[in-house]
Structure formats: C-alpha cells, structure tokens
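Since the structure comes first, as structure tokens, the remarks are kept for the end.
In what follows, chains are A, B, ... by sequence order, proteins preceding strands, each numbered from 1. Note that this is a predicted model, so its numbers are computed, not measured.
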Amino acid sequence: MVSIKELSKEEYLLKGHIACAGCGPAISLRLLFKALGNKVILVVPACCSSVIPGPYPFTSFAVPVQNMLFEATGATASGVVAALRQRDIKDVTVVGWAGDGGTFDIGIQALSGAAERETDFIYICYDNEAYGNTGVQRSGATPYGAWTTTTPTGKKERKKDIAFIMAAHRIPYIATACPSYPIDFIEKIRKAKEIKGTKFIHILAPCPTGWRYDTSKTVEMGRLAVRTGVWTLFEIEHGKFKLNPPSSRLIDRAKRKPVKEYLTLQGRFRKLTEVDIEKTQKWVDEDWERYRKLASNQ
Amino acid sequence: MSSSAKTRKEKPITTLSSPTVGVDKTGFWRTFRPEVDGSKCTRCTLCWIYCPDGAITREEDDSPKIDYDYCKGCGICANECPVKAITMVREGE
Ligand SMILES: Cc1ncc(C[n+]2csc(CCOP(=O)(O)OP(=O)(O)O)c2C)c(N)n1
Ligand code: SF4
Ligand code: SF4
Ligand SMILES: [Mg+2]
C-alpha cells in the first residue's frame with residue numbers, strides 16, 4: 001500500500017483554478033494526477049471540470065485535455081484511444097472524466113458503446129449528485145429527497161445504480177471511491193491503469209455549493225457517507241465483487257452509523273421528514289444486504 | 001502547448017489553451033485564513049493531500065506551507081488536521 005508521503009509533490013491541477021472553495025471534484029482531480037502523473041489524456045465533457053481550469057486561452061490543467069460535448073465522452077475517448085494506437089503510443093492512459101449528469105443521463109449511450117467496444121480506457125464519473133456547472137439541477141444521480149433548483153421540494157425518485165449498470169456490460173474492472181479515502185482512491189486508479197479494456201470508477205465527490213454545507217466539511221461529508229453506508233467502497237474485478245475497507249467492516253448494520261447523521265448535516269435534505277429518513281435508511285440497508293450476499297458468494 | 005503569452009492578444013490564434021499557474025488570483029476569495037502552528041504540527045501531510053486548490057505545499061521536512069495567493073479559505077485543512085494545528089482566522093484581524 002502506498003503512503004501519502006510517498007506521493008509526488010508535482011501538481012497537474014495548477015494553483016489559481018476556479019472551482020468553488022472546498023470543491024470535492026477538485027480534490028478528486030488532484031488525486032487522479034497523484035495516481036497517474038502526467039502521462040494521461042483527459043476527455044472532459046461539459047461539466048464543472050470544464051469550467052474549473054478557467055477560461056480560454058489559459059488552463060489550470062497541465063496535461064492534454066480534450067474538451068467535448070456533454071454527451072460524447074465515451075465516443076471521444078474511443079477516438080483518442082484509436083489515434084494513439086495508430087501512432088503506436090503505448091505509455092499514455094486515456095481517462096474520461098465526466099460528471100454524474102454526463103454519465104448517468106446524457107452520456108450513458110456513448111459510455112455504453114465504448115464499454116461494448118471494449119475501448120481500453122478508464123472512465124471516471126465524479127458524482128456530485130447534480131448538474132453543478134449549470135447551477136444545481138437534478139440528475140439521475142441525485143438522491144431521493146434532495147433539493148435542487150428543479151426539485152424545490154426534494155427529488156421524488158431514487159438514484160440509479162450506475163456501477164451495476166456498468167457491471168451488466170461485463171467490463172473487467174469497476175470500482176467506487178471517495179476523495180476522503182485518498183489511498184484507496186489512488187490504488188484503484190493505478191489498478192485500473194494496469195487492466196486492459198474498459199474500466200469504470202464511480203467517485204462520490206461532495207459539493208458544498210450544491211449540497212448546502214460549510215466548505216470545510218467536504219472530506220468529513222465523504223467520510224460520513226461511507227460510515228453511514230450511504231456510499232460503499234467496493235470493486236468488481238472480472239465479475240468478482242469485493243468490499244474494501246472501511247466498508248468491508250460495516251456489513252453488520254450495528255457497525256454503520258444511522259443515515260440521519262449524514263442527511264441532517266446537508267441543507268439539501270432539510271425538507272426530509274422522519275418518514276423520508278426511514279425510507280432512505282431502509283433502502284441503504286437493502287443495498288447492504290445485496291452487498292453482503294455478493295461478498296459472501298465469492 | 002506551452003506558451004509564454006500573458007494576454008489573449010499575445011496568443012497565436014489556436015484552439016489550444018496554455019497551462020498557466022494563476023489563471024485567477026483566488027486568494028482574494030478568502031474570508032478566513034488558515035494559520036499553521038508549527039509547534040503542534042506532526043507533518044502528517046493530510047492537509048496537503050486534501051487541499052482542493054493545491055495551495056498547500058510540502059516543505060523539505062513535510063511541514064505544510066500555505067500559498068495565500070491562491071488559498072480560498074475553504075477550511076478543509078483546519079477541519080481535517082488530526083492535532084488541530086491549523087486555525088482559521090478572519091482576514092483583517
Ligand atoms: C447537450 C447539452 N445540454 C445541456 C448543456 C448544458 N450543460 C453543461 S454542463 C451541464 C451539467 C453538468 O452536470 P454534471 O455532468 O453532473 O457535471 P457537474 O457540472 O456537476 O460537474 C449542463 C446541463 C450542454 N452543454 N449540452
Ligand atoms: S459547484 Fe460543486 S462541483 Fe462544481 S466547482 Fe462548485 S463545489 Fe465544485
Ligand atoms: S494536517 Fe495538521 S499535523 Fe498534519 S501536516 Fe497539516 S498542519 Fe501538520
Ligand atoms: Mg454533477
């Protein structure tokens with residue numbers, strides 16, 4: 001296992017970028033570069049990450065980036081991978097870096113196509129659970145009950161289970177991560193780099209602007225998501241499901257904190273009733289029952 | 001990709017953007033300033049890894065150095081420091 005001190009001091013997300021203060025996706029971008037260095041080409045659709053580097057003709061990204069249409073990350077990545085192969089360039093990793101809107105909603109067909117073509121790249125969905133860039137609208141990743149500008153009384157539907165949608169594509173590697181657990185995060189990206197084919201990593205990236213909590217609590221929010229079991233750290237490697245620490249120690253419900261502790265810290269859940277909170281707890285417990293069965297089958 | 005151009009006018013016409021430190025002087029956004037108490041700091045580097053802005057650099061001995069030109073004052077470092085070596089102080093105080 002790598003330690004934080006062994007990580008490079010080199011930065012490829014340069015100082016002066018314009019993410020909001022306390023931005024979880026910005027921490028995630030730094031960790032991505034700590035994992036892979038600068039031998040990468042990023043494909044970034046319209047999302048906060050296409051705004052964070054700042055306006056043309058300057059950029060805070062010190063690696064090659066192909067900005068792309070909101071819906072086209074998977075297709076563009078397939079093109080970049082083909083171009084690299086044509087030029088016989090083997091030491092560059094192609095990374096699709098897209099938001100939840102660009103993944104769960106409009107980009108899902110391009111992603112599905114790339115996975116079916118077995119494009120050799122890492123697709124990372126950094127999930128801030130809303131359309132952040134355009135001012136916080138609901139997405140297919142917004143959780144039940146959450147306020148957004150298009151769900152003023154709280155979203156009435158549940159979040160899609162995107163990792164398992166990708167599992168149905170039978171790709172060789174799927175993982176979840178969270179920047180609050182930087183070593184787990186970096187090791188998963190490094191592992192994905194070594195595997196041939198389409199790799200999908202789903203990152204819960206807390207967003208103080210959309211989730212309505214104090215900017216200092218971003219890392220704490222990710223930690224609470226994991227400790228309550230709302231977010232689960234796992235891998236599906238060649239079809240094998242495995243829970244990762246600390247989630248692997250939380251199978252017993254008594255070990256998990258009540259989801260209420262996570263929900264009540266965020267302004268976006270302010271309108272949740274006790275019944276809504278119980279509903280969320282029940283769904284989380286059902287997910288965990290599924291994880292327990294999957295983990296014990298392997 | 002690199003270019004020494006400092007303004008739009010100086011840039012050759014291209015769709016490429018140049019990697020640049022200081023696209024914005026984001027230190028101006030700050031309301032609260034993190035201050036590190038070196039006598040408490042154990043040099044764990046957690047504040048460095050969690051900084052969204054790369055505004056904390058690791059010195060030779062791994063102690064944190066904050067670049068106030070770019071620190072936005074989010075307070076994550078103070079919240080995460082295991083020994084409470086970082087305090088947030090209101091700017092102008
Ligand atoms: C076809 C199309 N529809 C809408 C938009 C406007 N748009 C740009 S980014 C964005 C939301 C992005 O949300 P997400 O993918 O979750 O990324 P985030 O901004 O949260 O990082 C929208 C709606 C667009 N650029 N293209
Ligand atoms: S809206 Fe959220 S994800 Fe987007 S830059 Fe701001 S904090 Fe980051
Ligand atoms: S988190 Fe605290 S103890 Fe660790 S390096 Fe930063 S200031 Fe020092
Ligand atoms: Mg989003």
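For the pair B:Pro19/A:Leu14, a side-chain contact is recorded, criterion being any heavy-atom separation below 4.5 Å from C-beta on. No side-chain heavy atom of A:Ile4 sits less than 4.5 Å from a side-chain heavy atom of B:Tyr50. Side-chain contact check for A:Leu13 versus B:Pro52: every heavy-atom pair is 4.5 Å or farther apart.
Neither the backbone nor the side chain of A:Pro25 comes within contact range of chain B, judged by heavy atoms closer than 4.5 Å. Interface residue A:Lys217: backbone and side-chain heavy atoms are both found under 4.5 Å from chain B. For A:Glu11, the part lying under 4.5 angstrom from a heavy atom of chain B is the side chain only. Heavy atoms closer than 4.5 Å to chain B are found in both the backbone and the side chain of A:Leu7. For a residue to count as touching a neighbouring chain, one of its non-hydrogen atoms must lie under 4.5 Å from one of that chain's; by this rule B:Cys51 touches chain A with backbone and side chain alike.
For the atom pair A:Ile27 CD1 and B:Ile49 CD1, the distance stands at 9.5 Å (nearest 0.5 Å). In this structure, the separation between NZ on A:Lys5 and CZ on B:Arg43 is 8.5 Å, given to the nearest 0.5 Å. Put simply, OH on A:Tyr56 and OG on B:Ser18 are 8.5 Å apart, with the number rounded to the nearest 0.5 Å. Here NE2 of A:His17 is found 14.0 Å from OG1 of B:Thr20. Values are rounded to the nearest 0.5 Å.
None of B:Asp67, B:Asp24, B:Asp69 except one satisfies the salt bridge (Lys or Arg N to Asp or Glu O under 4.0 Å) rule with A:Lys15; the exception is B:Asp67.
When B:Gly73, B:Cys44, B:Gly54 are compared by the number of non-hydrogen pairs under 4.5 Å with chain A, B:Gly54 comes out ahead. In terms of heavy-atom pairs under 4.5 Å with chain A, the best-connected choice from B:Trp48, B:Phe32, B:Trp29 is B:Trp48.
Residues B:Val23 and A:Pro55 come closest through the heavy atom pair CG1-CD, 4.0 Å. Counting all heavy atoms, side chain and backbone alike, A:Glu220 lies closest to B:Glu80 at N-OE2, 3.6 Å. The heavy-atom pair separating A:Ala21 from B:Lys72 by the smallest distance is CB-CB, 3.9 Å.
Around the NZ atom of B:Lys84, the shell of radius 6.0 Å holds more than 12 heavy atoms that belong to other residues, nucleotides or ligands. Atom NZ of B:Lys65 sits in a sparse spot, with 12 or fewer heavy atoms from other residues, nucleotides or ligands closer than 6.0 Å. Annotation for A:Glu6: atom CD counts as buried by contact number, over 12 foreign heavy atoms lying within 6.0 Å. Environment of CZ in A:Arg190: crowded, with over 12 heavy atoms of neighbouring residues, nucleotides or ligands closer than 6.0 Å.
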